[in-house]
Amino acid sequence: MSSIRNSVFLVRKALVFVCVFWAVISIAGNAQEIKLPKLEKWPTHPCILLMDGEEGTIEKSIVGNPVWRKMHDAILRASDNMIEVPTLERKLIGRRLLSKSRECVRRIFYLSYSYRMTGEKKYLLRAEKEMLAISQFSDWNPSHFLDVAEMTMGMSIGYDWLYGKLSPESKKIIREAILKKGLEPSLDRRYNGFLQATHNWNQVCNAGMTYGALAIGDDYPEISKQIIERALNTISLPMGEYKPDGGYPEGYSYWNYGTSFNVMFLSAIEKVFGSDFGLSQSSGFLKTGSFLENMTGPTNASFNWSDCGPSVNLSPAMFWFAQRNHDPSLLWVEKKYLDKSDYSSLTTERLLPAAIIWGKDTELNRIEAPAPGRVWVGQGPSPVALMRTSWTDPDAIYLGFKAGSSSVNHAHMDIGSFIMEWGGVRWASDFGSQDYESLESKGIQVFGRTQDAQRWSIFRANNFTHNTLTVDGKLQLVKGYAKIDRYSDKPQFYYAISDLSSVYEGQMKSVHRGVGILEDSYVVIRDELTTLDRPTTIRWTMLTAADVSITGKRTASLRKDGKRLTLQIDYPADGILKTWSTEPTTTYDAPNPGTTFVGFEIVVPPNHAETFVIKLVPQGTEEKAKTEIVSLSQWN
């Protein structure tokens with residue numbers, strides 16, 4: 001065994017110089033195609049993520065740190081629970097096999113990990129049984145290629161990690177399934193549109209195909225080399241979307257999908273070839289851990305703009321970013337999941353074993369609140385500003401502000417929208433997405449991005465239902481784009497300002513919105529608007545899950561969980577608060593129980609400059625909120 005490890009080490013060492021050379025060349029000239037160095041021999045199994053003998057480093061971490069012990073034990077218990085359940089069956093939900101593919105990754109990754117760490121044959125036999133059953137599927141649903149990608153990744157981890165213990169017959173069946181149902185369909189132009197994508201499909205599919213290529217490369221070196229080189233040269237497309245600050249265009253949930261698989265890809269490539277060919281140095285990529293960390297509020301819910309939900313869970317990829325950046329503070333949010341006795345809730349995460357692989361060397365006792373501060377701003381395709389009054393106070397104010405464009409993959413018409421938390425309550429909310437199948441099953445086209453796309457008829461996707469402005473009952477413009485023009489990270493006044501005018505082109509002459517937290521006490525939203533040469537009806541809306549009582553023409557009391565927040569209009573003088581129902585009027589939109597729209601609607605004269613100033617005032621800070629809010633040009 002030691003001779004095998006030595007030979008693998010020598011092969012990797014010999015490749016490092018060549019790989020680094022290609023990395024430098026690829027960075028220096030973006031057009032330079034990345035080529036794999038010539039391999040005298042394909043790496044010995046196991047070669048994906050965890051080489052033979054590296055189990056010992058995990059064992060040391062498990063013995064030396066109770067966090068890794070609890071996570072390890074949770075994976076073993078989950079694996080034990082898998083042993084008696086039936087193997088997966090090829091059952092589609094609508095047009096997707098994705099739920100089965102994701103469970104494939106979870107089961108085989110967990111079982112393979114459990115076998116490698118314990119040597120208990122029950123895990124080997126159950127993983128082998130699962131892989132043989134999946135191998136018999138008629139196909140892995142290439143028409144929705146994410147399904148193929150995840151199935152291939154799961155099967156490849158099992159094949160590679162258990163290779164030395166699988167029977168020759170089982171290896172042949174599984175290997176042929178990876179080839180015929182995984183890799184070969186990716187060469188078919190009907191299915192490989194992901195190669196041109198700048199979003200999560202590229203990341204997930206290239207990662208899955210690369211795992212397949214690494215797993216069976218010793219038997220099929222030519223197609224494996226082709227697929228790995230193809231991935232190295234196309235995954236740069238979505239990785240280019242993180243620039244300049246690390247923001248992820250598709251939002252929180254899709255960061256956890258696309259970025260996690262991107263990291264799975266980079267980690268595997270670097271393990272085998274001794275280099276990631278400079279890909280991790282793509283502008284903004286190594287900064288993106290800060291984006292995800294700041295996207296979670298004190299209530300432990302995400303700022304769920306785009307097709308995303310508010311729920312959060314431990315993200316294994318964050319352990320990779322913490323290790324790569326030598327920054328344990330990136331795990332501040334993850335620390336909430338680690339600081340508990342029962343880790344069973346973490347085992348819904350299919351990539352959980354990777355957290356131990358990437359995090360085992362991190363000094364978890366050095367996880368402190370993020371520096372440099374409480375404000376994070378990122379530009380890119382979906383600019384956001386994220387600000388809070390404290391990282392440690394569960395009652396802190398948290399304010400998220402979204403600019404960008406509705407033309408981004410999975411985007412909503414939410415330009416200028418915001419969410420707000422205080423006192424452990426989310427007061428200003430975002431619906432997030434509706435389950436795709438619930439819409440597609442009724443004939444709704446979910447993914448169009450043109451102005452006339454059916455997508456914008458979906459209740460939760462258009463600007464009518466977001467915390468932004470609606471002009472004359474019209475949709476925001478898909479072609480518009482807004483960046484964060486100015487912001488402040490000074491404690492007296494955290495704020496961000498965006499020019500939203502292009503999003504309302506032809507509807508308004510100009511639209512500027514600023515949002516901020518004053519003196520760590522309350523939130524202000526100021527809009528400065530100029531109409532065109534016609535009367536214009538403008539609606540200001542905020543979604544809330546609180547109980548709303550209109551207490552005056554310009555004040556409303558919001559109550560939830562024993563806390564109270566006041567919404568008050570300073571301007572316009574003729575703004576009268578009211579509430580709207582959130583109940584949709586179509587047969588295909590999901591219900592929205594327990595929510596309310598609160599806001600106002602006014603008619604603004606032609607060629608008129610109007611100002612809206614709205615304050616969200618936590619109980620006990622009413623005196624401070626009497627401050628006059630100056631024009632956006634004077635915010636500093």
*Asks:* Check whether any side-chain heavy atom of N141 lies under 4.5 Å from a side-chain heavy atom of R90, and answer yes or no.
*Replies:*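 Yes. Closest side-chain heavy atoms under 4.5 Å.
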
*Asks:* Under 3.5 Å, is there a donor-acceptor pair between the T586 and D589 side chains?
*Replies:*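 There is such a pair (donor and acceptor under 3.5 Å, judged by atom type) between the side chains of T586 and D589.
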
*Asks:* By side chain to side chain donor-acceptor pair (under 3.5 Å), which residues pair with S405, not counting sequence neighbours?
*Replies:* S407

*Asks:* Distance-only, no hydrogens or angles: does the T596 side chain make a donor-acceptor pair with backbone N or O of D547 under 3.5 Å?
*Replies:*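 Checked: no pair found.
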
*Asks:* Have S557 and S549 got a donor and an acceptor in their side chains that come within less than 3.5 Å?
*Replies:* no

*Asks:* Would you please indicate if the ring centroids of Y248 and Y242 are separated by under 6.0 Å?
*Replies:* yes

*Asks:* Counting C-beta onward and ignoring hydrogens, is there a side-chain heavy-atom pair between T541 and H466 closer than 4.5 Å?
*Replies:*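 A side-chain contact is absent here, since even the closest heavy-atom pair is not under 4.5 Å.
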
*Asks:* Report yes if some heavy atom in the side chain of M542 is under 4.5 Å from a heavy atom in the side chain of L558; otherwise report no.
*Replies:*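 In contact.
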
*Asks:* Check whether the ring centres of Y252 and F291 lie less than 6.0 Å apart, and answer yes or no.
*Replies:*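 No.
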
*Asks:* Tell me whether D561 is salt-bridged to K563, with the criterion being a basic N under 4.0 Å from an acidic carboxylate O.
*Replies:* no

*Asks:* State, without any angle test, whether R449 and N409 hold a side-chain donor-acceptor pair at a distance under 3.5 Å.
*Replies:* yes

*Asks:* Is a side-chain donor-acceptor pair under 3.5 Å present for T468 with N463?
*Replies:*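 Their side chains do not contain a donor-acceptor pair, so the 3.5 Å distance test is not met.
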
*Asks:* For this output row, return yes or no: ring centroids of Y257 and F261 closer than 6.0 angstrom.
*Replies:*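 Close enough - the centres of the two rings lie under 6.0 Å apart.
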
*Asks:* Would you call K100 and E103 a salt bridge, taking side-chain N to carboxylate O under 4.0 Å as the test?
*Replies:*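 Result for this pair is no, no salt bridge flagged.
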
*Asks:* Checking side chain to side chain contact (heavy atoms under 4.5 Å, CB included) against W305, which of K402, H412, H410 comes through?
*Replies:* K402

*Asks:* May I ask you to test the S457-Y588 pair for a side-chain heavy-atom distance under 4.5 Å?
*Replies:*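 S457 vs Y588: side chains touch.
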
*Asks:* Do M209 and L183 have side chains that approach each other closer than 4.5 Å (heavy atoms only, starting at C-beta)?
*Replies:* yes

*Asks:* Which residues pass the side chain to side chain donor-acceptor pair (under 3.5 Å) test with T536, sequence neighbours left out?
*Replies:*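 For T536 there are no side chain to side chain donor-acceptor pair (under 3.5 Å) partners, ignoring immediate neighbours.
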
*Asks:* Please confirm whether the ring centroid of W201 lies under 6.0 Å from the ring centroid of H144.
*Replies:*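 Yes: the rings meet the under 6.0 Å criterion.
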
*Asks:* Is there side-chain contact between F418 and V523, with heavy atoms separated by less than 4.5 Å?
*Replies:*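 Answer no - side chains too far apart.
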
*Asks:* Let's go through K181 and D139 carefully: what are the C-alpha distance in whole Å and the side-chain angles of both, what is the deciding distance for salt bridge (charged side-chain N to carboxylate O under 4.0 Å, His left out) to 0.1 Å, and is it a yes or a no?
*Replies:* CA-CA 6 Å; K181 295 166 185 175; D139 61 39; over 6 Å; no

*Asks:* Answer with yes or no after comparing the ring centroid distance for Y436 and F447 against a 6.0 Å cut-off, counting only values under it.
*Replies:*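 Yes, close enough.
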
